[in-house]
Amino acid sequence: MIFYNKLITWYLENKRTLPWRETTDPYAIWLSEIILQQTRVAQGLPYFQAFLTHYPTVFDLANAEEDDVLKLWQGLGYYSRARNLHHTAKTVAYELNGQFPNNYKELLKLKGIGEYTAAAIASIAFGEIVPVVDGNVFRVIARIYGITSDISKGPTKKEFQLKAAELISQETPALFNQAIMDFGAIQCTPKKPLCDTCPFIVNCVAYQTNKIEQLPVKLTKTKVKSRFLNFLVFLDKEKNTYLIKRQEKDIWQKLYQFPVIDHFDKKEINIQTTVDTIYPEISYNQIKQLNEETIIHQLSHQKLHINFWLVDCLSLPAKKEHEKIHWQQINTFAFPIVIHNFINSLAF
DNA sequence: GTCCAGGCCT
DNA sequence: AGGCCTGGAC
């Protein structure tokens, strides 16, 4: 069989119509690829539209404030993507005269663009013959060719890149790359793939040997640590509160949060005593818990146990690294989704 | 509730 | 190799 003929035939019958497939603008294609890293199409789509509306060109994005970019990214997760997006917009706008590099090797030098994204942009926007290897491609090739290498190991990617380079259509590399990814997303899915209607059923080693469930092989499991976050929602008579911008190399870098008491060990802490120690200058009427049950928020590598405490006080003095803001302005700041959802659940 | 998919950076 | 987020499947 000629692999790409079958694949492209499948694609022409089954492909999704997506806005970034209607354009040849490298800026829009780059934007879509960054948004779609680690993100489902359904979740990414509205963000793609919003970014293009707010920042129609790479210059608009380059000239934006980082806080505004993060605010628009709020809810998408992996916020380093937004910071790198902004950084690369500046590089392209100010150092490359607004022109994206037109080849894999140069694209790879930009922040936030790794091997997958460089290959996607190079092929889709510029027609370069370079195969993409994303999670879909790993799965499709591992199954059809019965490759049992552990895809969580570094060298395995080279093996799949080599295989994909053999398979790619020299005439239509962009079509091939989008086809293999759509095929993985729609037909050859991680769970319950649609083998009954699969055009590769006679070729697929995994199917023929009953190993669909075992492929691709991925052995690494990340260990999840528990972490206990107690957010302090200060509120004075004029409805001012404190926000802190996260800075350290940690989760949610450069997003906003309420002041927090943060532990990696579960220990009984007395909120009142702790607040008295950290904020001796603040006199409050009472402290009360705002959420009924501890909120569990699961990250890839941390399990967060979250409580919110209302600290009801007369006034809030200026304090280092604390931004005193009026509650009405709260939705102009970029928050992690768990804090955003909590804020929106409040009545005041 | 728990598990998992999805690329890049350091 | 480990850190980084969220939502959907089960």
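Just so it is clear: chains get the letters A, B, ... in the order the sequence lines come, proteins before strands, and each one is counted from 1.
- Between A:Leu299 and A:Lys225, the one whose closest nucleotide on DNA chain C sits nearer the 5' end is A:Lys225.
- For the ring pair (Phe, Tyr, Trp, His ring centres under 6.0 Å) with A:Trp73, the lone residue among A:Tyr47, A:Tyr78, A:Phe51 that qualifies is A:Phe51.
- Salt-bridge formation is detected for the pair A:Arg227/A:Asp250: a Lys NZ or Arg NE/NH1/NH2 atom is positioned less than 4.0 Å from an Asp or Glu carboxylate oxygen.
- Rounded to whole Å, atom C1' of B:dG6 lies 10 Å from atom CD1 of A:Ile151.
- Shown for residues 81-95 of chain A: no residue has heavy atoms falling under 4.0 angstrom of DNA chain C.
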Next item on the list: With ring pair (Phe, Tyr, Trp, His ring centres under 6.0 Å) as the test, would you mind laying out the steps for A:Phe231 and A:Trp309 before giving the verdict?
Entry: CA-CA 6 Å; A:Phe231 289 110; A:Trp309 302 88; over 10 Å; no
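- Between A:Trp30 atom CH2 and B:dC8 atom C1' the separation is 15 Å, expressed in whole Å.
- Between the NE2 atom of A:His301 and the P atom of C:dC5 there is a distance of 7 Å, rounded to whole Å.
- Figure legend: A:Lys324 and A:Tyr242 shown without cation-pi pairing, the cationic atom not lying both under 6.0 angstrom from the six-membered ring centre and within 45 degrees of its axis.
- For the ring pair (Phe, Tyr, Trp, His ring centres under 6.0 Å) test with A:Phe234, the passing option among A:Trp327, A:Tyr279, A:Phe308 is A:Tyr279; the others fail.
- As rounded to whole Å, 15 Å separates atom P of C:dC5 from atom CD1 of A:Ile34.
- Rounded to a whole Å, the CD atom of A:Gln38 is 13 Å from the C1' atom of B:dC4.
- C:dC5 atom P lies 8 Å from atom OH of A:Tyr78, rounded to whole Å.
- For the OP1/OP2 pair of C:dG3 and a distance below 4.0 Å, the side-chain nitrogens and oxygens of A:Trp252 include no atom meeting the criterion.
- Ring centroid separation for the pair A:Phe176 and A:Tyr4 does not come in under the 6.0 Å cut-off.
- Of the residues in residues 100-117 of chain A, none lies under 4.0 Å from DNA chain C by heavy-atom distance.
- Not a single donor-acceptor pair, N or O on each side, falls under 3.5 Å between the base of B:dC8 and the side chain of A:Ser80.
- The pair A:Glu66-A:Arg83 does not count as a salt bridge, with every side-chain nitrogen at least 4.0 angstrom from each carboxylate oxygen.
- Distance A:Leu45 CG to C:dT6 C1': 17 Å, rounded to the nearest Å.
- With contacts defined as side-chain heavy-atom distances shorter than 4.5 Å, the pair A:Lys90/A:Glu95 does not qualify.
- Formation of a donor-acceptor pair under 3.5 Å by the A:Glu128 side chain with backbone atoms of A:Ala120 is not found in this model.
- In the set C:dT6, B:dG6, B:dT2, B:dT2 carries the atom at the smallest distance from any side-chain atom of A:Lys303.
- Within the structure, every side-chain polar atom (N or O) of A:Lys157 is placed at least 4.0 Å from both OP1 and OP2 of B:dG7.
- Between A:Lys249 and A:Ala185, the residue anchored nearer the 5' end of DNA chain B, judged by the nucleotide with its closest heavy atom, is A:Ala185.
- Judged by the 6.0 Å distance and 45° axis criteria, A:Lys163 is positioned over the aromatic ring of A:Tyr145.
- Between A:Asp67 and A:Lys245 there is a salt bridge, with a side-chain nitrogen of the basic residue lying less than 4.0 Å from a carboxylate oxygen of the acidic one.
- The side chain of A:Asp250 lies closest to C:dC4, out of B:dG7, B:dA5, C:dC4.
- Rounded to an integer number of Å, the gap from CG of A:Leu36 to P of B:dA5 is 18 Å.
- Between A:Asp134 and A:Met181 the shortest side-chain heavy-atom distance falls below 4.5 Å.
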Between N or O atoms, less than 3.5 Å apart, protein on one side and nucleotides 7-9 of chain C on the other: list the pairs.
unit_1	atom_1	unit_2	atom_2	d
C:dG7	N2	A:Arg40	NH2	3.4

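- Across all strands shown, A:Ser300 has heavy atoms under 4.0 Å from base atoms, whether or not it also approaches the sugar-phosphate.
- At least one side-chain nitrogen or oxygen of A:Tyr79 sits closer than 4.0 Å to the OP1 or OP2 atom of C:dT6.
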